[in-house]
*Asks:* 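Here it is: the structure, laid out below.
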Amino acid sequence: MFEPLEVEQEDKYKRFGKRSFVFVLLLVVLFFVLAARLFALQILNTDEYTSISSRNQLRMVSQPAKRGDIYDRNMLKLAGSEICFEISISTSEVQSKEKREELAANLARYLKDPELDTEAILEKIKNNPRRYQPVVITTLPAENNQHLVASLEENRDKLPGLLIIETPRRIYLQGRLASHILGQVGKITDTDEDLLQNYNYLATDLVGKSGVERTMERFTDTNGKEIGLRGQRGLQLLEVNSENQIVRTVSTQESVSGNSLVLTIDANIQRVMEESLANTVQKLQQSRPKAQGGAAVLLDVKTGSVLAMASYPDFNPEDFISGIDSKLAEYYYDSTLKPTFNRAISGAYPVGSTFKVSTALAALACGAIDRNTKILCDPSNWINDKAKCTGVHGMVDLSQALAVSCNTYAQDAGAMAGINNMYEVFRQLGYGQLTGIELTGETRGLLANPDWKKLNFDGESGNWYPYDTYYMSIGQGYSYYTPLQMAQATATIANHGVRMQPHVVDRIIDYEGETVYQWEPRVMDRIDMSEENWDVLYDAMRAVTQAGGTGYSTFGRYPVAVAAKTGTAQTGLVGDDKNADYHGWFIAFAPADNPQVAFAGMVEYGFHGFSSGGAVCKDVFDAYFGFDSSQTSSQIHSSVVE
């Protein structure tokens with residue numbers, strides 16, 4: 001009676017067993033499908049999917065290019081690069097105040113630099129002008145810092161956002177030598193905004209700030225190709241893990257080094273000039289406390305090449321790479337010393353009696369005077385607004401007048417030539433004009449004339465009077481010029497009136513040493529005058545260094561004949577004593593019978609030209625001609641005031 005129920009129950013068990021089998025089978029199939037998928041993800045396609053999952057950890061890292069080197073004319077390296085580690089922080093990874101403070105504390109502990117404590121690092125992060133750019137905390141030379149870098153790498157988990165990049169750092173191998181010519185490099189600032197916007201610079205880049213470092217930063221040739229000091233940066237795409245450790249380099253675009261400069265300067269002569277200028281100023285300070293600065297220039301007469309150019313006080317270019325600290329600020333920002341101010345091209349001064357040579361040239365060129373022209377120098381001729389002379393010289397010709405620096409002769413010669421003839425010759429000599437030298441900060445100075453005075457003075461004060469011509473003839477009055485302009489004018493006179501453009505860069509070479517650009521001598525103007533009158537002028541300048549001349553104490557017994565002129569120039573500055581405060585000037589070329597080099601030098605408040613600029617000139621000529629300075633020294637002292 002119970003049989004049907006048992007059959008029904010048996011069927012039910014069979015159906016359940018089939019369903020269970022199907023369910024289990026589905027589970028098994030699903031398991032194998034998932035296992036296969038995991039196998040594919042983790043084994044077969046691990047690189048692809050790991051990269052996909054880590055795209056937010058790919059970093060594009062800029063690789064700075066090596067800056068071109070700078071050499072003197074004999075291939076002595078003046079500026080180069082050394083490999084450094086740039087320690088930076090990507091602030092996007094440490095947004096909160098707490099994380100930044102923790103990061104700064106940890107980094108300070110590893111760096112162990114007293115000037116980079118926690119507060120200093122936080123200040124750098126706070127003052128970062130561009131939040132999207134990493135903050136450079138410090139730059140360390142690779143040498144002797146490998147262990148520190150390894151320690152930082154090992155502790156990246158405590159240093160989120162840490163970036164360590166190998167980068168070339170500018171170094172100046174000869175220290176302060178030629179600092180005003182080389183200039184300086186520094187971080188990009190607001191004044192360099194055009195570089196960021198138009199030339200693919202980054203806010204962390206170092207760029208030239210002055211000197212050839214600036215002017216040759218992006219120099220282009222005649223075809224528009226950039227061949228300057230700046231190189232082409234590289235790029236690296238890096239993959240990092242969650243602990244900021246580099247997993248692999250995805251791609252690399254190598255940087256390209258910048259081209260190098262070969263300058264016209266001779267490092268040996270440059271060093272002698274700088275040391276002599278510094279020693280001369282410091283010696284003069286003992287009796288003339290205002291004498292704190294000066295400048296000098298030595299030019300190749302035939303080519304215009306700058307063999308040496310010095311300005312004192314000077315500076316160390318490396319001080320500016322990472323920024324001036326408080327210890328150096330007092331020196332560099334001294335308004336009197338102005339160490340970074342290149343007095344040779346940026347300082348314009350009244351030049352005093354050295355200008356009498358130019359006045360004589362103008363008078364000879366227009367026929368106002370000749371070899372036989374004599375002028376009476378005594379009180380009877382010191383009238384009509386003329387400046388008095390330093391002595392009663394009687395009847396003097398040009399040679400006698402330049403030898404004793406006679407004001408009366410120069411004033412009468414200038415008046416006979418006339419302001420228009422003088423102005424034309426002075427312009428041809430390069431006064432009041434930019435020379436075009438490849439340096440920053442050059443000033444024009446001022447070459448005054450009647451048109452200039454009319455534009456700058458009102459009413460009758462704008463008229464050009466005879467006394468304007470008189471004072472201009474002796475290097476006083478309204479006009480003022482740079483030491484480089486004085487050197488250029490002296491070289492032009494030595495070169496028979498052919499004015500060459502001064503320049504400090506001889507050529508540009510690539511990383512293989514091949515020349516990619518060569519400077520050629522450039523004639524800027526010519527002064528036509530008879531050979532006879534050139535001889536008259538040369539004889540007069542030669543008389544300055546002979547017995548009785550104001551330059552005899554410096555070059556009277558010199559192995560090479562020197563043509564020169566000394567100068568004692570009233571400063572013309574408000575508050576200065578017109579009877580005591582004078583700049584000391586000296587110009588010269590040598591050898592006098594076959595000129596090779598021309599010199600101009602001055603010391604602010606140096607008074608006598610022979611003992612200030614003349615002392616520097618003598619040391620520089622010793623270096624150029626290869627003389628022993630102890631054997632060319634003279635014990636004779638001039639009693640003549642220029």
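Just so it is clear, the values below take in all heavy atoms, side chains as well, and ignore hydrogens, waters and symmetry mates. In this text, all values refer to a predicted model and were calculated from it rather than measured experimentally.
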*Asks:* For Phe315 and His180, I'd like to know if the aromatic rings sit close, meaning centre-to-centre distance below 6.0 Å.
*Replies:* yes
*Asks:* Hey, what's the ring geometry for Tyr431 with Tyr481, parallel, tilted or perpendicular (30° and 60° as the breaks)?
*Replies:* tilted
*Asks:* What's the separation between atom CG in Leu429 and atom CG in Leu361, rounded to the nearest 0.5 Å?
*Replies:* 5.5 Å
*Asks:* Taking all non-hydrogen atoms of both residues, which atom of Pro591 and which atom of Phe589 are closest, and how far apart?
*Replies:* O-CD1, 4.3 Å
*Asks:* Before we go on, tell me: are the rings of Phe621 and Phe555 under 6.0 Å apart, centre to centre?
*Replies:* yes
*Asks:* Please say which of Ile227, Leu229, Asp221, Val262 ends up in a side chain to side chain contact (heavy atoms under 4.5 Å, CB included) with Ile508.
*Replies:* Ile227
*Asks:* Do Val212 and Val504 have side chains that get closer than 4.5 Å, going by heavy atoms?
*Replies:* yes
*Asks:* Would you say the side-chain atoms of Thr280 and Lys283 include a donor-acceptor pair closer than 3.5 Å?
*Replies:* no
*Asks:* Applying salt bridge (charged side-chain N to carboxylate O under 4.0 Å, His left out), run through Arg214 and Asp192 and close with a yes or a no.
*Replies:* CA-CA 11 Å; Arg214 179 67 176 187; Asp192 306 302; 3.1 Å; yes
*Asks:* Distance-only criterion, 3.5 Å: show the donor-acceptor pairs between side-chain atoms of residues 592-604 and protein atoms not counting sequence neighbours.
*Replies:*
from, atom 1, to, atom 2, distance (Å)
Gln596, OE1, Tyr624, OH, 2.8
Glu604, OE2, Arg343, NE, 2.9
Glu604, OE2, Tyr349, OH, 2.7

*Asks:* Assess the side chains of Thr490 and Lys565: does a donor N or O sit below 3.5 Å from an acceptor N or O?
*Replies:* no
*Asks:* Walk me through it: do Arg73 and Asp266 pass the test salt bridge (charged side-chain N to carboxylate O under 4.0 Å, His left out)?
*Replies:* CA-CA 6 Å; Arg73 67 189 300 114; Asp266 183 304; 5.1 Å; no
*Asks:* With under 30° as parallel and over 60° as perpendicular, where do the rings of Phe627 and Phe625 fit, or are they tilted in between?
*Replies:* parallel
*Asks:* Is there a donor-acceptor pair under 3.5 Å between the side chain of Asp72 and the backbone N or O of Leu76?
*Replies:* yes
*Asks:* Could you go through the salt bridge (charged side-chain N to carboxylate O under 4.0 Å, His left out) check for Arg230 and Glu226 one step at a time?
*Replies:* CA-CA 9 Å; Arg230 177 202 185 196; Glu226 190 172 317; 3.7 Å; yes
*Asks:* Salt bridge between Arg67 and Glu217, side-chain N to carboxylate O under 4.0 Å?
*Replies:* yes
*Asks:* So, is the end of the Arg507 side chain (NZ or CZ) under 6.0 Å from the ring centre of Tyr517 and within 45° of the ring's axis?
*Replies:* no
*Asks:* If you apply the rule side chain to side chain contact (heavy atoms under 4.5 Å, CB included), what do you find for Met486 with Val297, and how did you get there?
*Replies:* CA-CA 9 Å; Met486 291 303 296; Val297 181; over 6 Å; no
*Asks:* Check whether the side chains of Glu442 and Thr435 place a donor and an acceptor atom closer than 3.5 Å, and report yes or no.
*Replies:* yes
*Asks:* Return the minimal non-hydrogen interatomic distance between Gly352 and Ala569, and the atom names on each side.
*Replies:* N-CB, 3.4 Å
*Asks:* Just jot down the side chain to side chain donor-acceptor pair (under 3.5 Å) partners of Tyr331, sequence neighbours excluded, or say none.
*Replies:* none
*Asks:* Side chains of Lys66 and Ser255: any donor to acceptor distance under 3.5 Å?
*Replies:* no
*Asks:* Under a plain distance cut-off of 3.5 Å, with no hydrogens placed, do Ser305 and Asp300 share a side-chain donor-acceptor pair?
*Replies:* no
*Asks:* Measure from the side-chain N and O atoms of Gln433 to the backbone N and O of Arg427, and report whether any donor-acceptor pair falls under 3.5 Å.
*Replies:* yes
*Asks:* Taking the ring centre of each residue, are Phe219 and Trp519 less than 6.0 Å apart?
*Replies:* yes
*Asks:* Going by atom types only, do Ser346 and Thr443 share a side-chain donor-acceptor pair under 3.5 Å?
*Replies:* no
*Asks:* Please assess Arg170 against Glu213 for the test salt bridge (charged side-chain N to carboxylate O under 4.0 Å, His left out), listing each intermediate value before the final yes or no.
*Replies:* CA-CA 11 Å; Arg170 202 58 161 169; Glu213 291 279 24; 2.9 Å; yes
*Asks:* Any chance the side chains of Tyr312 and Gln282 put a donor and an acceptor closer than 3.5 Å?
*Replies:* yes
*Asks:* Would you tell me whether Asp622 and Tyr558 have side-chain atoms, one donor and one acceptor, within less than 3.5 Å of each other?
*Replies:* yes
*Asks:* Inspect the contact between Arg176 and Glu274 and indicate whether a charged nitrogen and a carboxylate oxygen are less than 4.0 angstrom apart.
*Replies:* no
*Asks:* Is it the case that the side chains of Lys225 and Thr220 hold a donor-acceptor pair, with the cut-off being a distance below 3.5 Å and no angle test?
*Replies:* no
*Asks:* Do the ring centers of Tyr332 and Phe320 come within less than 6.0 Å of each other?
*Replies:* yes
*Asks:* Would one find more than 12 heavy atoms of other residues, nucleotides or ligands at under 6.0 Å from atom CD of Gln518?
*Replies:* yes
*Asks:* For a quick test of reading the model, state the closest non-hydrogen atom pair linking Ala65 to Pro168 and the distance between them.
*Replies:* O-CG, 3.5 Å
*Asks:* Under a 3.5 Å distance rule, please check whether Ser276 uses its side chain to pair with a backbone N or O of Met273 as donor and acceptor.
*Replies:* no
*Asks:* In sequence, state the C-alpha distance, the side-chain angles, and the governing distance for Thr440 and Ser210, and then conclude on side-chain hydrogen bond (donor to acceptor under 3.5 Å, both in side chains).
*Replies:* CA-CA 6 Å; Thr440 53; Ser210 65; 4.8 Å; no
